[in-house]
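First the proteins, then the strands, lettered A, B, ... as listed; each starts at 1.
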Number of protein chains: 2
Amino acid sequence: MSDRLPPLTALRAFDAAARHMSFARAAEELNVTPAALSFQIKSLEEHLGAPLFRRLNRAVELTEAGQALAPGAEDGFRALSVAWQQARRVLDTTSLTVTAGPALTAKWLAPRLYEFARAHPEIDLRLSAGLRMMDLRRDGVDVAIRFGYGSDQGLASYPARAEWLTPVMTPDLAARYPTPEALRRAPLIYDDSISFLSPACDWPTWFRAQGLEFTPGSGIHFSNADHAIDAACTGVGVALGRRPMIIKDVMEGRLVAPFKLAIETEARFRFLCLPEAEERPQIKAFREWFFAEIEKTAHMWDDFEIIPVKDL
Amino acid sequence: MSDRLPPLTALRAFDAAARHMSFARAAEELNVTPAALSFQIKSLEEHLGAPLFRRLNRAVELTEAGQALAPGAEDGFRALSVAWQQARRVLDTTSLTVTAGPALTAKWLAPRLYEFARAHPEIDLRLSAGLRMMDLRRDGVDVAIRFGYGSDQGLASYPARAEWLTPVMTPDLAARYPTPEALRRAPLIYDDSISFLSPACDWPTWFRAQGLEFTPGSGIHFSNADHAIDAACTGVGVALGRRPMIIKDVMEGRLVAPFKLAIETEARFRFLCLPEAEERPQIKAFREWFFAEIEKTAHMWDDFEIIPVKDL
DNA sequence: GTATCACTCAAGAATTTCTTGACTGAGGCT
DNA sequence: AGCCTCAGTCAAGAAATTCTTGAGTGATAC
């Protein structure tokens, strides 16, 4: 009748039995004989002072106390198991889990995965795309790449340079709208995923940088930046794209960035990891590769004039 | 280097050591000698294949692997401990935890607690007021009393009769506004906690039941029903109150319900508990007392005309 | 009416876990 | 500098636990 935790082996046996609703299968799971399992359950029941299972002759059934114990026990052991795997993952120098937004994943990371795999064949890289800010310590993620102003408390944070945006479109559309003035009449694509930026970094801002008035009319809106760029690739309109999102499509000729003017926000991508994990070999390798890869294409924008939005 | 869970005793030793950041204190917590604890940690490190603590001479410090393991381990053991307490609570026939909304708790349950304690001195009743729907199985609550239309899936549900509302006020105010027509000019108190009812069960509905037009003007709004009734008690206005909320104040003369007309909603209070706990002695006792207590005062409203809102 | 299935029991074996008591090495105190 | 204390470690043996074996039980299925 103790108030503290019962013997954990017994509790574990109960968890398995409750999950399988069978002592025999639970015993199999734990690699012990049914007799041992039966004994453990019995000892747990003795600790509690009441039966946890009702023994029907061909089956077992949880008593009320058993029903109260089972879900929490399962949660608890699952938590322990996850924690143990986390610890093991730290030791694993061959795998690396990276989380990034869907757009960066689709437009920048995924196309370069092959490159990285070739440069580091020993590392097994996994991508986890999602906007939810994951808890690096609890969710088993080694690296997060996030866009924004970012406070990044408690994390090692390597900021990339400030991000800027410039109009991109198919060569066809570029021919049809050769000047910024003409562009105002083009079908415009809006990327709502960066509407949180302040000061804003949108179409009116870009035209303002050109010294042109512009009031947004109708247009196509996308909640993901990669969808906006994809739409531009199909030629339905002109998108205002961030560097990493457009680089691939520009290099491969699907899109052009004919106006050599970009507006720059203070927001940027940051490479984040746990401070104690900064020097793990696979994280260090990925970090160095990541920033080198950015530098590789930096020259492409040498002839762009970049105007900070805060000056507009 | 096994992928499955390590010996749980060792994991438990690690958890204690990580929480205290001291082997000696962890050993004390677990009632073992420091040597035993040291041995357990060492065996866990052997399982993992790497050290979990860095031994500095006067202190210990978590390694990276240790930092990865510690928070999850703590969560896990906490979950197990909570689960075990749940199981023990089921066996405890002396205590009973009831959750109800703040209004019912304040206006109906709390004033009757003494009665219940006298009728069942062996039961230790605890109230937990809050709107959040608690998970009876996980939150250690035995009984929930909730108001609404209620689907109550997976729970044993004992509905009380449909609820109705009638105007209540101090005797002073009742003298000043003797007729329903006059009441329209009285300061009215609005209880926003029942604004979710559909069809609505508010002042315009009540006046409609009287055959009177009424458009709500200004008035005092409360988000809790008990605050609305309390306000009526101070004489600042007239409230439209549900039976359980007004009964005490009406019986004790602070409020009167001079108009013998009530509007009835389909919503009602339900007494909820886990199906497997229905017959636990303290739950059964409380349930029977609860419904008997409602019946006791039913005669008070014998002369009321009750009009379902769905007929209005 | 027999076979089978799922769990139980008891005794002894195997394994884990604990204690004792001596040991180590660093920091603090005189 | 020298000594003490503190926190953790080690090794051997003791204690406790957990497991297996092999027989047993009773209800259901065929």
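- Between A:Y158 and A:F290, the distance separating the two ring centers is not shorter than 6.0 angstrom.
- Between A:R55 and C:dA6 there is no side-chain polar atom (N or O) within less than 4.0 angstrom of OP1 or OP2.
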Decide salt bridge (Lys or Arg N to Asp or Glu O under 4.0 Å) for B:R78 and B:D75; before the verdict, give the C-alpha distance in whole Å, the side-chain angles of both, and the deciding distance to 0.1 Å. CA-CA 5 Å; B:R78 201 194 348 264; B:D75 289 353; 3.1 Å; yes
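- Contact between the side-chain N/O atoms of A:Q40 and the OP1/OP2 oxygens of D:dC19 is found at a separation under 4.0 Å.
- Within residues 20-31 of chain A, the residues that have a heavy atom under 4.0 Å from DNA chain C are, in order of number, A:S22, A:F23, A:A24.
- Between B:F53 and B:F14, the two ring planes are tilted [angle within 30° to 60°].
- Rounded to an integer number of Å, the gap from CZ of B:F53 to C1' of D:dA7 is 13 Å.
- Atom pair B:L52:CG and D:dG8:C1' shows a separation of 16 Å (rounding to whole Å applied).
- In this structure, A:L8 places its CG atom 14 Å from C1' of D:dT18, rounding to the nearest Å.
- Under the 3.5 Å distance criterion, the side-chain polar atoms of B:E163 are left unmatched by any main-chain donor or acceptor of B:F269.
- Contacts of B:K284 classified as side chain to side chain donor-acceptor pair (under 3.5 Å), with partners at least two apart in sequence or in another chain: none.
- Proximity of A:S38 to the phosphate of C:dC7: no side-chain N or O atom is located under 4.0 Å from OP1 or OP2.
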Measure all distances between protein nitrogen or oxygen atoms and nitrogen or oxygen atoms of nucleotides 25-27 of chain C, and list the pairs falling under 3.5 Å.
{"from": "C:dG25", "atom 1": "O3'", "to": "B:N57", "atom 2": "ND2", "distance (Å)": "3.4"}
{"from": "C:dA26", "atom 1": "O4'", "to": "B:N57", "atom 2": "ND2", "distance (Å)": "2.6"}

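- Looking at heavy-atom distances under 4.0 Å, B:T33 makes contact with a base.
- Rounded to whole Å, the distance from CG on A:L37 to P on D:dT17 is 18 Å.
- Rounded to whole angstrom, the span from the CD atom of A:E46 across to the P atom of D:dT18 amounts to 13 Å.
- Residue whose closest nucleotide on DNA chain C sits further toward the 5' end, between A:T9 and A:P34: A:P34.
- One can place CZ of B:F39 at 15 Å from P of D:dG13, the figure rounded to the nearest angstrom.
- Although no hydrogens or angles enter the test, the distance criterion places a donor-acceptor pair under 3.5 Å between the side chain of B:Q282 and the main chain of B:S95.
- Classification of A:E293 and A:K296 as a salt-bridged pair holds, one side-chain N sitting under 4.0 Å from a carboxylate O.
- Rounded to whole angstrom, the span from the CZ atom of A:R12 across to the P atom of D:dT18 amounts to 13 Å.
- At distances below 3.5 Å, at least one donor-acceptor pair connects side-chain atoms of A:D139 with backbone N or O atoms of A:D135.
- In this structure, A:L56 atom CG and C:dA6 atom P are separated by 13 Å, rounded to whole Å.
- Side-chain N or O atoms of A:R270 include one that pairs as donor or acceptor with a backbone N or O of A:R146 at under 3.5 Å.
- At least one side-chain nitrogen or oxygen of B:K42 sits closer than 4.0 Å to the OP1 or OP2 atom of D:dC10.
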